[in-house]
Colleague: 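Let me give you the structure first, and then I'll get to my questions.
The chains referred to below are lettered A, B, ... by the order of the sequence lines, with proteins before strands, and numbering in each begins at 1. What you see is a predicted model; the values in this text were computed from it and never measured.
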2 protein chains.
Amino acid sequence: MQALSKTTIYAIRALIYMLNNQQTNQYINIRDISNDLDISFHFLTKILQSLTKQGLLSSYRGATGGIAISKNPQNIRLIDLIYILEGNDFFDKCLLGLPGCGTLEPCPAHEIWSVAKDDLKMKFENASILDLKNLKGRITNESLELATA
Amino acid sequence: MQALSKTTIYAIRALIYMLNNQQTNQYINIRDISNDLDISFHFLTKILQSLTKQGLLSSYRGATGGIAISKNPQNIRLIDLIYILEGNDFFDKCLLGLPGCGTLEPCPAHEIWSVAKDDLKMKFENASILDLKNLKGRITNESLELATA
DNA sequence: TTATTTTAAGACTTCAATATCTTAAAGATG
DNA sequence: CATCTTTAAGATATTGAAGTCTTAAAATAA
């Protein structure tokens with residue numbers, strides 16, 4: 001199940017990368033991020049641009065330029081990134097894709113799906129990128145396993 | 001959040017439709033299903049074909065032909081349709097799309113996501129299309145609301 | 001100033017899911 | 001038989017996400 005778009009996935013990985021590598025008041029090179037995380041440079045740039053426009057990052061051009069996290073990473077939650085990059089209706093969608101599905105005109109799966117969405121929403125509300133950074137997991141593609149999942 | 005592909009969504013809606021309309025030992029016309037559910041006829045036909053190959057449906061050609069549910073609808077669960085149409089690795093995917101993400105080499109979100117997936121998996125294991133039929137929800141696009149969600 | 005580096009932004013390309021179109025095969029009907 | 005209807009199956013087209021390429025703008029440094 002691919003819950004998140006690559007756009008959102010790349011944003012999450014990049015932000016954790018930045019937390020791992022950011023010195024005080026230091027701008028981080030986007031090219032470095034894209035190289036280390038194996039993400040298309042131009043695609044990543046555009047994703048980060050939208051985070052800059054939203055005030056989560058600050059950017060600086062030129063030879064010593066780059067981007068930096070400008071918002072308290074404890075207040076950058078997964079759900080914030082999802083709302084910015086996937087849209088505010090992310091958790092409003094019907095499992096069967098039916099328009100107007102809700103309490104008034106529910107689809108057969110409405111109740112099941114609503115509960116599942118609420119559970120997931122809560123998890124995403126309670127997970128900041130600082131939390132994820134402190135969990136110290138892998139954010140690169142490198143894996144010991146031969147088979148991919 | 002679009003958890004399921006249109007392929008799986010159409011299959012679920014078509015099966016519930018069939019339960020709602022099926023007489024004893026009667027073949028149902030695919031054209032009728034596609035008309036009533038506003039689904040592309042040829043696309044739906046192919047989806048139903050794969051369910052026929054898997055033994056969930058039986059089909060019959062010719063003037064009085066159609067398709068019929070051949071398996072006990074109580075034993076056709078959402079998870080069965082998902083495995084058939086989305087693949088057996090549906091619940092194995094990493095939230096961040098990383099290959100080989102697992103207990104050995106987890107991504108930062110692995111634990112959160114694993115629990116969420118297990119919860120959802122259980123819901124889909126416990127929901128048969130007969131259950132969904134009995135919940136009597138809406139399976140068509142018709143909605144009273146003007147704004148769509 | 002001139003050249004270089006980096007982010008910003010737009011145009012274009014690729015790819016897989018989805019949708020459509022056409023033909024074949026099986027069965028019914030007259 | 002010939003004709004019609006329906007599912008089966010393949011080819012082609014469309015669409016949006018994802019990825020690539022090119023140019024502009026801002027800042028640094030020679």
Colleague: I need the CD-C1' distance between A:Gln2 and D:dA17, as an integer number of Å.
Modeller: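 It is 12 Å, rounded to the nearest whole Å.
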
Colleague: Find the distance A:Phe41:CZ to C:dG10:P and express it as a whole number of Å.
Modeller: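 Rounded to the whole Å, the gap is 16 Å.
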
Colleague: What is the distance, rounded to the nearest whole Å, between atom CZ of A:Phe43 and atom P of C:dA11?
Modeller: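 Nearest whole value for this atom pair: 18 Å.
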
Colleague: Taking only side-chain N and O atoms of A:Gln49, does any of them lie within less than 4.0 angstrom of OP1 or OP2 on C:dT7?
Modeller: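 A:Gln49 to C:dT7 OP1/OP2: no side-chain N or O under 4.0 Å.
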
Colleague: How close do A:Glu86 and A:Asp89 get, counting heavy atoms only, and between which atoms?
Modeller: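 So the two residues come closest at O-OD1, 4.2 Å.
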
Colleague: What one-letter contact string describes nucleotides 22-30 of chain D from 5' to 3', where B marks a base within less than 4.0 Å of any protein heavy atom, S marks contact via sugar-phosphate atoms alone, and - marks no contact?
Modeller: B--BBBS--

Colleague: Is A:Leu135 close to B:Glu111 at the side-chain level, that is, under 4.5 Å between some pair of heavy atoms?
Modeller: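 No, too far: nothing below the 4.5 Å cut-off.
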
Colleague: Atom OH of B:Tyr27 and atom C1' of C:dA28: how far apart are they, to the nearest Å?
Modeller: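 Atom OH in B:Tyr27 sits about 14 Å away from atom C1' in C:dA28.
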
Colleague: Take atom CG of A:Leu57 and atom C1' of C:dA8, then tell me their distance rounded to the nearest Å.
Modeller: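 Spelled out: CG on A:Leu57 to C1' on C:dA8 is 14 Å.
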
Colleague: When you measure from the side-chain N and O atoms of A:Lys53 to the phosphate of C:dA9, is any distance below 4.0 Å, counting only OP1 and OP2?
Modeller: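 Looking at the OP1 and OP2 atoms of C:dA9, one of them is under 4.0 Å from a side-chain N or O of A:Lys53.
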
Colleague: I need the A:Leu56 CG to A:Ile76 CD1 distance, nearest 0.5 Å.
Modeller: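 That separation rounds to 4.5 Å.
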
Colleague: Can you measure B:Ile9 atom CD1 to C:dA17 atom C1' for me and round it to whole angstrom units?
Modeller: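 Nearest whole value for this atom pair: 12 Å.
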
Colleague: Which pair of heavy atoms, one from B:Ser70 and one from B:Ser58, lies closest together, and at what distance?
Modeller: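 Smallest heavy-atom distance, with atoms named: OG-N, 3.8 Å.
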
Colleague: Within this structure, what is the CG-to-P distance between B:Leu37 and C:dT18, rounded to whole angstrom?
Modeller: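 Rounded to the whole Å, the gap is 17 Å.
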
Colleague: Whether B:Thr7 contacts C:dT18 is assessed here as follows: a side-chain N or O lying under 4.0 Å from the phosphate OP1 or OP2. Is that the case?
Modeller: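 Answer is yes, contact under 4.0 Å.
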
Colleague: Counting C-beta onward and ignoring hydrogens, is there a side-chain heavy-atom pair between A:Met18 and A:Ile129 closer than 4.5 Å?
Modeller: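 No, their side chains stay 4.5 Å or more apart.
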
Colleague: Dot-bracket for DNA chain D: what is it, with Watson-Crick or G-U pairs under 3.5 Å, [ ] where a pair crosses earlier ones, and | for a pair to another strand?
Modeller: ||||||||||||||||||||||||||||||

Colleague: Classify the side chain of B:Lys46 and the base of C:dT18 as holding, or not holding, a donor-acceptor pair under 3.5 Å.
Modeller: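 No, no donor-acceptor pair under 3.5 Å.
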
Colleague: Does a nitrogen or oxygen in the side chain of B:Tyr10 sit under 4.0 Å from OP1 or OP2 of C:dT18?
Modeller: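 For C:dT18, neither OP1 nor OP2 has a side-chain N or O of B:Tyr10 closer than 4.0 Å.
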
Colleague: A:Ile9 and side chain to side chain contact (heavy atoms under 4.5 Å, CB included): which partner among A:Leu81, A:Ile139, A:Ile39, A:Leu4?
Modeller: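 It is A:Leu4; the other options fail the test.
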
Colleague: On a heavy-atom basis, which atom in A:Ala3 and which in B:Trp113 lie closest, and how many Å separate them?
Modeller: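 Reported closest heavy-atom pair: CB-CH2, 3.5 Å.
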
Colleague: For A:Glu142, is the CD atom crowded, meaning more than 12 foreign heavy atoms sit under 6.0 Å from it?
Modeller: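 Counting neighbours around CD of A:Glu142, 12 or fewer heavy atoms of other residues, nucleotides or ligands fall under 6.0 Å, so no.
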
Colleague: Decide yes or no on side chain to side chain contact (heavy atoms under 4.5 Å, CB included) for B:Thr64 and B:Tyr27, but give the supporting numbers first.
Modeller: CA-CA 8 Å; B:Thr64 60; B:Tyr27 283 100; over 6 Å; no

Colleague: Which pair of non-hydrogen atoms, one from B:Ser40 and one from B:Ser34, has the smallest distance, and what is that distance?
Modeller: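 Between these two residues, the closest heavy atoms are C-CB, 4.4 Å.
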
Colleague: Quick one: is B:Thr45 getting a side-chain N or O under 4.0 Å of the D:dA8 phosphate, OP1 or OP2?
Modeller: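 Negative; the distance criterion is not met.
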
Colleague: Expressed as a whole number of angstroms, how long is the span from A:Leu44:CG to C:dT6:P?
Modeller: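 Answer to the nearest Å: 15 Å.
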
Colleague: Quick one: is A:Ser59 getting a side-chain N or O under 4.0 Å of the C:dA8 phosphate, OP1 or OP2?
Modeller: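 Yes, A:Ser59 has a side-chain N/O under 4.0 Å of OP1/OP2 on C:dA8.
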
Colleague: With a 4.0 Å cutoff (strictly under), does any side-chain N or O of A:Thr52 reach OP1 or OP2 of C:dT7?
Modeller: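 No, A:Thr52 has no side-chain N/O under 4.0 Å of OP1/OP2 on C:dT7.
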
